[in-house]
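Below is one structure; the comments refer to it alone.
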Amino acid sequence: MKQHKKYKVIIIEPSQIIQEGIKLLLEKHPCFQVTACFSDIQSFEDKIRKEDFQMILMNPILVKFYKPVNIRNLFANYSNCILIAIIYQYVAAETLHHFDGSMDIYDEAWTIPQKIIQIAESAEQKNEQPTDCIELSDREKTILIALAQGLTNKEIADKLYISTHTVISHRKNIVRKTGIKTVSGLTLYALFNNLISSDDLL
């Protein structure tokens with residue numbers, strides 16, 4: 001029988017009953033360890049650390065409270081994380097398109113872990129393929145603009161209602177994608193790419 005890796009899993013689901021049911025189901029399987037459960041994305045952003053997981057199971061309905069259309073922008077710090085939708089009500093196809101796959105809580109219990117493993121393996125193969133994309137996410141652009149305007153990490157965190165840790169992670173991604181380390185250099189980048197105008201600078 002094929003040996004599968006063990007996945008550390010985060011569950012983001014507003015219903016505590018559904019949270020506990022999925023957690024119990026997964027922890028009976030040797031391939032899964034549920035490291036934390038959250039009722040919303042904000043709680044996840046405030047408390048989680050990147051190294052704690054490789055997979056997120058999330059109710060897609062939670063993204064309606066956020067402006068970005070691309071759900072992946074909400075998890076820009078975790079680009080290699082496997083994102084799986086928890087389905088038990090209607091979800092538009094254009095929303096599900098942003099996930100690596102979905103699990104339906106009405107499926108037979110014994111089939112759900114195997115389905116999640118198949119989704120994870122498919123997503124990992126996709127992530128291993130080389131990519132030349134260096135485009136900044138919407139959240140990274142927002143943080144870049146704030147940096148150019150002279151805001152500190154804490155001021156950016158307070159303004160965007162995210163943790164300072166999350167701001168720092170976004171900054172690391174911006175530096176990695178642009179190859180620019182200084183604030184003055186990032187400010188020029190923002191100007192040249194029409195993210196800000198000279199009037200926006202303090």
Side-chain angles (χ1 to χ4, degrees), residues 7-27 29 31-107 109 111-113 115-120 122-124 126-127 135-143 146 156-170 173:
Y7 296 97
K8 292 184 178 181
V9 182
I10 295 294
I11 298 173
I12 309 177
E13 162 58 50
S15 167
Q16 188 172 359
I17 292 174
I18 293 174
Q19 270 186 26
E20 292 299 321
I22 294 173
K23 180 179 179 182
L24 184 64
L25 176 65
L26 292 185
E27 291 195 329
H29 195 283
C31 288
F32 301 102
Q33 176 190 347
V34 177
T35 61
C37 296
F38 300 96
S39 60
D40 55 56
I41 296 170
Q42 187 62 57
S43 299
F44 162 82
E45 277 201 330
D46 290 342
K47 297 176 183 176
I48 203 62
R49 296 181 63 84
K50 188 173 183 178
E51 62 270 16
D52 288 340
F53 64 97
Q54 298 89 35
M55 181 183 294
I56 298 173
L57 303 184
M58 186 185 82
N59 187 333
I61 200 70
L62 293 171
V63 301
K64 72 180 182 179
F65 301 110
Y66 289 80
K67 289 184 178 180
V69 175
N70 188 341
I71 293 167
R72 282 286 175 182
N73 288 343
L74 296 174
F75 301 99
N77 287 340
Y78 318 103
S79 57
N80 290 327
C81 179
I82 300 152
L83 186 58
I84 298 176
I86 301 170
I87 304 296
Y88 54 90
Q89 56 194 319
Y90 172 75
V91 179
E94 56 265 28
T95 299
L96 289 179
H97 173 72
H98 299 292
F99 290 81
D100 293 305
S102 62
M103 56 155 284
D104 193 316
I105 67 167
Y106 298 111
D107 286 342
T111 68
I112 291 176
K115 183 176 182 181
I116 292 174
I117 289 170
Q118 290 172 352
I119 293 168
S122 175
E124 285 170 341
K126 182 179 177 183
N127 287 337
E135 183 179 353
L136 298 180
S137 69
D138 290 345
R139 180 61 67 130
E140 287 164 354
K141 289 176 182 176
T142 300
I143 288 174
I156 295 170
D158 292 343
K159 181 179 179 180
L160 299 178
Y161 303 103
I162 59 178
S163 68
T164 304
H165 172 78
T166 300
V167 174
I168 292 169
S169 295
H170 280 304
N173 285 339

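Note that the structure is predicted; figures quoted are calculated from it, not measured.
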Identify all side-chain donor-acceptor contacts of residues 19-26 below 3.5 Å with residues at least two apart in sequence or on another chain.
from	atom 1	to	atom 2	distance (Å)
Q19	NE2	E13	O	2.7
Q19	NE2	F38	O	3.2

For this session: Would you confirm whether T111, through its side chain, and D107, through its main-chain N or O, come within 3.5 Å as a donor-acceptor pair?
Result: no
Exercise. Does a side-chain heavy-atom distance below 4.5 Å link I61 with V91?
Worked result: no
Exercise. Is the number of heavy atoms from other residues, nucleotides or ligands under 6.0 Å of Q16 CD greater than 12?
Worked result: no
Problem set entry | Any side-chain heavy-atom pair of L83 and M55 under 4.5 Å | no
Exercise. Ignoring hydrogens and geometry, is there a side-chain-to-backbone donor-acceptor pair from Q54 to K8 under 3.5 Å?
Worked result: yes
Exercise. Looking at residues at least two apart in the chain, or sitting in another chain, which of them share a ring pair (Phe, Tyr, Trp, His ring centres under 6.0 Å) with F99?
Worked result: none
Problem set entry | Pair Q42-Y161, side chain to side chain contact (heavy atoms under 4.5 Å, CB included): steps then yes or no | CA-CA 8 Å; Q42 187 62 57; Y161 303 103; 4.2 Å; yes
Exercise. Has the side chain of S43 got a donor or acceptor atom that lies under 3.5 Å from a matching backbone atom of S39?
Worked result: no
Exercise. Do I117 and F32 have side-chain heavy atoms sitting under 4.5 Å apart?
Worked result: yes
For this session: With side chain to side chain contact (heavy atoms under 4.5 Å, CB included) as the test, would you mind laying out the steps for I116 and Y7 before giving the verdict?
Result: CA-CA 10 Å; I116 292 174; Y7 296 97; over 6 Å; no
Exercise. Who passes side chain to side chain donor-acceptor pair (under 3.5 Å) against T166, sequence neighbours left out?
Worked result: S163
Exercise. Of all heavy-atom pairs between C81 and D100, which one has the smallest distance, and what is that distance?
Worked result: O-OD2, 3.8 Å
For this session: For residues A109 and P113, report the shortest heavy-atom separation together with the two atoms involved.
Result: O-CD, 3.2 Å
Exercise. Side chains of K141 and H170: does their closest heavy-atom pair fall under 4.5 Å?
Worked result: no
Exercise. Distance-only, no hydrogens or angles: does the N59 side chain make a donor-acceptor pair with backbone N or O of L62 under 3.5 Å?
Worked result: no
For this session: Start with the C-alpha distance between I84 and M58, add both sets of side-chain angles, then the distance that settles side chain to side chain contact (heavy atoms under 4.5 Å, CB included), and finish with yes or no.
Result: CA-CA 6 Å; I84 298 176; M58 186 185 82; over 6 Å; no
Exercise. Roughly how far, to the nearest 0.5 Å, is CD of E45 from OG of S169?
Worked result: 10.0 Å
Exercise. Can you name the side chain to side chain donor-acceptor pair (under 3.5 Å) partners of D104, sequence neighbours left out?
Worked result: none
Exercise. Does any non-hydrogen side-chain atom of I86 lie less than 4.5 Å from one of I11?
Worked result: yes
Seminar exercise, completed: Residue set satisfying side chain to side chain donor-acceptor pair (under 3.5 Å) with D158, at least two apart, ordered chain then number -> K154
Problem set entry | From CA spacing to verdict: side chain to side chain contact (heavy atoms under 4.5 Å, CB included), I10, L57 | CA-CA 6 Å; I10 295 294; L57 303 184; over 6 Å; no
Seminar exercise, completed: Correct closest heavy-atom pair for I87 and P60 would be CD1-CG, 4.1 Å
Exercise. Can you tell me how far CD1 of I105 sits from CD of Q89, rounded to the nearest 0.5 angstrom?
Worked result: 9.0 Å
Exercise. Less than 4.5 Å apart, any side-chain heavy atom of V9 and any of F53?
Worked result: no
For this session: Supply the atom-to-atom distance T142 OG1 to K159 NZ, rounded to the nearest 0.5 angstrom.
Result: 8.5 Å
Exercise. Roughly how far, to the nearest 0.5 Å, is the CD1 atom of I143 from the CG atom of L160?
Worked result: 6.0 Å
Problem set entry | Side-chain (E140) to main-chain (S137) donor-acceptor, under 3.5 angstrom | yes
